[in-house]
Amino acid sequence: MPELPEVEHSRRDLERWIRRATIVATKGEGKFALPSLRGRRIETVERRGKWIRIVLSDATLLFNHHGMTGEWKRSDEPLRWERASLVVEKNGKRTRVAYVDPRKFGRLVVAREDIPSWSALGPDPLEHGIDAKALADKLARRRKRSIKEALMDQSVLAGVGNIQATEALWKARIDPRSPAGALAKKHVTAVIKGLRWTIARTLDDLDVGFVIYGHKGEPCPRCKTTLVRIVLGGRTTTFCPGCQERLRARP
DNA sequence: ATTATTGTTGGTAG
DNA sequence: TCTACCAACAATAA
């Protein structure tokens, strides 16, 4: 469940469950192995893009990425596909949280300093907002990249994935194949509005459903043209050939 | 049996 | 140094 809105929900869950609590035990194997961390207090649970950064009392940092199928659950019993767990205590009450990840694309990293994957992230749409000028500059530099692939580049904006990019471009009425460098200022503005729209509505209700993602073959909700599915950068892309304008590279 | 899946990364090539 | 492309990672679900 892993684009910005889902990860933000996960962050809020963790904040409620374990913030200001003290770690009693940790568990994890293989690529999800964890050091003891016993006795450290959990100070903050932060997020940037799709990454979560948990800051502990001795300044140790616990980074987590959900990959494709990762999620945190609160459970006293071991869960199917559980890869790691934390037991914490606050006011004498114990809480156990489990990191579950069937496909194991996620990451758990303990470090003393920010890791490169975190540091390389572009601005977070929720945390920092989206600056039109800065975004336009970054897109302009990616001349040959499609706008959809550019939006999914985590150094452009942190947290935009396949679904949010697909939905935002539909809202902005821009064909996802358009070269990123072909967007004029008004197009960038429209993309920003589209991103704010899709992120907000997913954040508000994770089960609200998507407007065009996964709806190939169905009529466009806006113009009734049949939605099509293509592959861009190896990722499924849905769009409406009727009302999403294909922009051409500008000289 | 085949195909597709909300993501990143490391290697390669230009 | 920067951009672009792709296979690899893994376990289902249709």
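Atoms considered below: every heavy atom in the structure, side chains included; atoms not considered: hydrogens, waters and symmetry mates. Labels below follow one simple rule: chain letters A, B, ... track the order of the sequence lines, proteins then strands, and each chain is numbered from 1.
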Student: Compare all side-chain heavy atoms of L121(A) with those of K50(A) and state whether any distance is below 4.5 angstrom.
Tutor: no
Student: Spell out, as yes or no, whether a donor-acceptor pair under 3.5 Å connects the side chain of K104(A) to the backbone of G67(A).
Tutor: no
Student: Check whether any side-chain heavy atom of E71(A) sits under 4.5 Å from a side-chain heavy atom of H9(A), and report yes or no.
Tutor: no
Student: Which residue, R141(A), K148(A), R142(A), forms the salt bridge (charged side-chain N to carboxylate O under 4.0 Å, His left out) with D153(A)?
Tutor: R142(A)
Student: So which atom in T238(A) and which in T166(A) form the shortest heavy-atom distance, rounded to 0.1 Å?
Tutor: O-CG2, 3.3 Å
Student: Between dT8(B) and dT12(C), how far apart are the P atoms? Round to whole Å, please.
Tutor: 22 Å
Student: What protein N or O atoms touch nucleotides 8-11 of chain B N or O atoms at under 3.5 angstrom, if any, and at what distances?
Tutor:
from, atom 1, to, atom 2, distance (Å)
dT8(B), OP1, H65(A), NE2, 3.0
dT8(B), OP2, K50(A), NZ, 3.0
dT9(B), OP1, R107(A), NH1, 3.4
dT9(B), OP1, S117(A), OG, 2.4

Student: Nearest whole Å is fine: how far is dG7(B) C1' from N64(A) CG?
Tutor: 13 Å
Student: Give, for atom CD1 of I54(A) and atom OG1 of T44(A), the distance between the pair rounded to the nearest 0.5 Å.
Tutor: 9.0 Å
Student: Answer with base, sugar-phosphate or nothing: what part of the nucleic acid does F210(A) contact at a heavy-atom distance below 4.0 Å?
Tutor: nothing
Student: Hey, could you give me each pair passing salt bridge (charged side-chain N to carboxylate O under 4.0 Å, His left out) that has a residue in residues 37-48 of chain A? Not counting sequence neighbours.
Tutor: E8(A)-R47(A), R40(A)-D58(A), R41(A)-E43(A), E46(A)-R53(A), R47(A)-D124(A)
Student: Which pairs pass ring-ring contact (aromatic ring centres under 6.0 Å, His included) with one or both residues in residues 20-60 of chain A, sequence neighbours excluded?
Tutor: F32(A)-Y99(A), W51(A)-H65(A)
Student: Does R11(A) pair with E15(A) as a salt bridge, N-O distance under 4.0 Å?
Tutor: yes
Student: Under a 4.5 Å side-chain heavy-atom rule over Ile, Leu, Val, Met, Phe, Trp and Tyr, are W170(A) and V188(A) clustered together?
Tutor: no
Student: Whole angstrom is fine here: how far is it from CG in D137(A) over to C1' in dC2(C)?
Tutor: 16 Å
Student: Quick one: do R201(A) and D205(A) satisfy salt bridge (Lys or Arg N to Asp or Glu O under 4.0 Å)? Show the steps, please.
Tutor: CA-CA 6 Å; R201(A) 69 188 287 277; D205(A) 176 6; over 6 Å; no
Student: Rounded to the nearest angstrom, tell me the gap between atom CG in L151(A) and atom C1' in dT6(B).
Tutor: 15 Å
Student: Does K193(A) reach the side chain of K171(A), with side-chain heavy atoms less than 4.5 Å apart?
Tutor: no
Student: Which letter, B, S or -, goes with each nucleotide of nucleotides 6-14 of chain C from 5' to 3', with contact meaning a protein heavy atom under 4.0 Å?
Tutor: ---BBBS--
Student: Could you summarise the pairing of DNA chain B as dot-bracket text, marking Watson-Crick and G-U pairs under 3.5 Å with ( ) or [ ] inside the strand and | across strands?
Tutor: .||||.||||||||
Student: Take Q164(A) and Y213(A) through the side-chain contact (heavy atoms from CB on, under 4.5 Å) test and state the conclusion after the steps.
Tutor: CA-CA 9 Å; Q164(A) 299 300 332; Y213(A) 177 86; over 6 Å; no
Student: Determine the Euclidean distance between corresponding P atoms of dT3(B) and dA7(C); express it in Å to zero decimal places.
Tutor: 15 Å
Student: Tell me: CD of Q164(A) to P of dT6(B), nearest whole Å?
Tutor: 12 Å
Student: So which protein N/O to nucleotides 1-4 of chain B N/O distances come out below 3.5 Å?
Tutor:
none

